[in-house]
Trainee: 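Below is one structure. I have some questions about it.
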Amino acid sequence: MPNNSLTITDNRTDRTYTVPLFKDTVRATDLRQIKTQPDDFGLMTYDPAYMNTSSCQSAITFIDGDKGILRYRGYPIEILAEKCTYLEVAYLLHHGELPDPSQLAQWVNEINSHMMLHENTKKFMEGFRHDAHPMAMLVSTLAALSTIYPDARRVNDAESRRLQCVRLIAKIPTIAAFSFRHTQGYPYIYPDNELGYTENFMNMLWRMVEPKFQVNEVIARALDILFILHADHEQNCSTSAMRAVGSSQADPYVSAAAAAAALSGPLHGGANEEVLRMIEEIGTRENIPGYIEQVKSGKCKLMGFGHRVYKNYDPRAAIIKQAAYEVFEVTGPNPKLEIAKELEDIALHDEYFIKRRLYPNVDFYSGIIYQAMGFKPEMFTVLFAIARMSGWLAQWQEMISDPEQKIARPRQIYTGYPAREFVSIELRG
Ligand code: ACO
């Protein structure tokens with residue numbers, strides 16, 4: 001009997017099966033041989049919300065949730081956040097290696113030259129209601145890019161895929177900035193090729209009548225770090241949506257729209273907006289114990305706490321907390337940070353949170369820092385989406401190039417009626 005295998009005894013039939021193990025997993029299809037009758041469908045696994053199912057093999061991001069480790073392509077997130085720019089990290093996610101100076105210059109130049117939106121896309125965005133949520137505008141506009149770039153349907157053409165990835169990474173800050181300007185009723189600002197990626201985004205967001213936007217370098221660097229921290233996070237809800245929709249060979253624009261839609265929910269990327277609302281609801285430090293009691297009695301959740309994978313401090317939260325201090329040096333102290341810190345401190349010492357291994361996640365501090373930078377809560381998830389675009393696309397490329405991947409199509413356990421007699425409408429009721 002091979003060592004690297006599992007022996008399963010089916011107590012219904014007393015038959016024994018040997019199933020090979022592959023990287024500490026069992027291939028679910030190997031269980032199909034386990035049957036009570038020859039014409040049985042065979043054994044399936046049942047795993048709502050994919051709590052214990054690997055849907056792919058991936059070489060992009062590694063997480064050890066128990067130890068609080070996050071690495072992109074083998075590099076610890078702490079080093080990348082300290083030493084790299086966001087576009088350097090986006091290159092790493094896509095190409096598997098860090099760029100040398102000339103590769104980086106070429107990549108940055110390529111991204112810069114694709115930041116403009118087609119005028120039809122601009123007109124499309126002008127059609128949104130004045131109070132449309134920027135995330136809803138982003139989701140719709142990403143899908144609408146599919147109408148501008150029909151060549152994107154050639155998903156099996158590596159050169160076409162590369163071009164769409166460059167376009168999407170380049171255009172998402174422009175769409176995000178236009179969606180913000182739209183809510184304010186301001187004219188849209190076109191990208192400025194002389195600025196870096198993050199600086200350009202700030203320019204498109206905030207330039208008013210001045211001929212050249214003056215970038216605050218501390219804010220720009222903090223935003224760039226936030227983009228690095230959010231760039232990828234293995235098979236999370238939105239990335240799984242990107243892979244699932246992309247697996248039908250839908251083009252990357254509509255697939256990215258689906259990923260962004262998944263991100264918009266309050267249990268995923270929408271959490272940082274909810275954190276800020278929660279801190280506003282708490283209002284003062286005296287109200288914190290009462291709020292914690294409400295959480296413990298199940299009336300509400302402590303937003304920005306808990307994670308499906310991290311059962312330890314989210315390493316991204318620690319980096320953001322540090323970046324927050326640097327931003328507040330520029331923008332002035334923020335009482336919300338004090339409430340957040342105290343909330344964290346109380347929660348980390350409370351039996352309810354300790355027992356459930358609930359720690360601050362990436363969203364606990366990001367909302368506070370974004371607000372201090374001048375962003376409205378409605379923009380928070382949009383910022384997340386800008387950063388995560390590079391991860392979604394790297395994962396999409398990996399999925400398309402993986403010969404084992406097919407159209408995503410889970411099974412179900414049917415719990416409805418067995419076949420029953422049809423009753424015509426006049427005889428019903
Ligand atoms: N506040 C209070 N209790 C919580 C919280 C929380 N934030 N998160 C989990 N719990 C409790 C649950 O009620 C449950 O308790 P029980 O065992 O008594 O029923 C237990 O901890 C386990 O929680 P699950 O919901 O089963 O954990 P799951 O892995 O399904 O959910 C999730 C993870 C969705 C992130 C959850 O922790 C949550 O809703 N957190 C708040 C929202 C949030 O911050 N989301 C951002 C995630 S990070 C990201 O997407 C970038």
Side-chain angles (χ1 to χ4, degrees), residues 47-53 61 63-66 68-70 72 77 81 135 225-242 259-282 288-321 340 343-370 377 379-392 395:
D47 190 9
Y50 309 116
M51 297 286 285
N52 195 36
T53 295
T61 293
I63 302 174
D64 184 330
D66 284 327
I69 293 173
L70 170 61
Y72 298 159
I77 191 69
M135 198 57 193
I225 291 174
L226 283 155
F227 285 171
I228 293 171
L229 301 181
H230 286 89
D232 195 48
H233 212 233
E234 52 122 294
Q235 307 313 314
N236 55 85
C237 179
S238 56
T239 302
S240 299
M242 180 86 199
L263 187 73
S264 69
L267 297 188
H268 191 10
N272 50 15
E273 195 176 330
E274 297 300 322
V275 172
L276 211 78
R277 294 196 201 291
M278 176 185 77
I279 291 177
E280 269 158 16
E281 189 189 326
I282 294 172
I288 293 175
Y291 194 84
I292 295 273
E293 284 314 309
Q294 283 191 47
V295 170
K296 284 160 64 175
S297 67
K299 285 206 184 88
C300 53
K301 276 188 169 170
L302 186 55
M303 297 310 286
F305 255 69
H307 199 278
R308 172 61 58 80
V309 179
Y310 291 117
K311 300 301 170 198
N312 199 326
Y313 211 98
D314 182 337
R316 302 168 299 172
I319 302 169
I320 294 185
K321 195 173 168 186
L343 207 50
E344 175 191 341
D345 197 48
I346 293 176
L348 290 181
H349 291 93
D350 190 294
E351 190 52 31
Y352 175 95
F353 297 90
I354 296 170
K355 207 171 97 196
R356 290 170 179 77
R357 302 182 70 191
L358 299 171
Y359 291 86
N361 60 48
V362 67
D363 284 327
F364 192 66
Y365 286 103
S366 64
I368 302 169
I369 190 170
Y370 286 146
M379 280 300 287
F380 295 173
T381 318
V382 175
L383 299 171
F384 193 157
I386 295 175
R388 187 54 60 86
M389 183 58 79
S390 57
W392 289 333
Q395 300 267 354

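Atoms within each ligand, like the ligands themselves, are counted from 1 in listed order.
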Trainee: Are the side chains of Met379 and Tyr370 in touch, meaning some heavy atoms are under 4.5 Å apart?
Mentor: no
Trainee: State which residues pass salt bridge (charged side-chain N to carboxylate O under 4.0 Å, His left out) with Arg357; sequence neighbours excluded, sorted by chain then number.
Mentor: Asp66
Trainee: Does any part of the side chain of Leu302, heavy atoms only, come nearer than 4.5 Å to the side chain of Met278, both counted from C-beta?
Mentor: yes
Trainee: Tell me if the aromatic rings of His233 and Tyr72 count as close, with their centers under 6.0 Å from one another.
Mentor: no
Trainee: Does the ring centre of Phe305 sit less than 6.0 Å away from the ring centre of Tyr359?
Mentor: no
Trainee: Looking at every non-hydrogen atom in both residues, tell me the closest pair between Phe380 and Gly367 and how far apart they are.
Mentor: CZ-O, 3.3 Å
Trainee: Let me know which protein residues bring a heavy atom to under 4.0 Å of ligand 1; chain then number is fine for ordering.
Mentor: Leu267, His268, Ala271, Val295, Lys301, Leu302, Met303, Gly304, Phe305, Gly306, His307, Arg308, Tyr352, Arg356, Leu358, Asn361, Val362, Asp363, Phe384
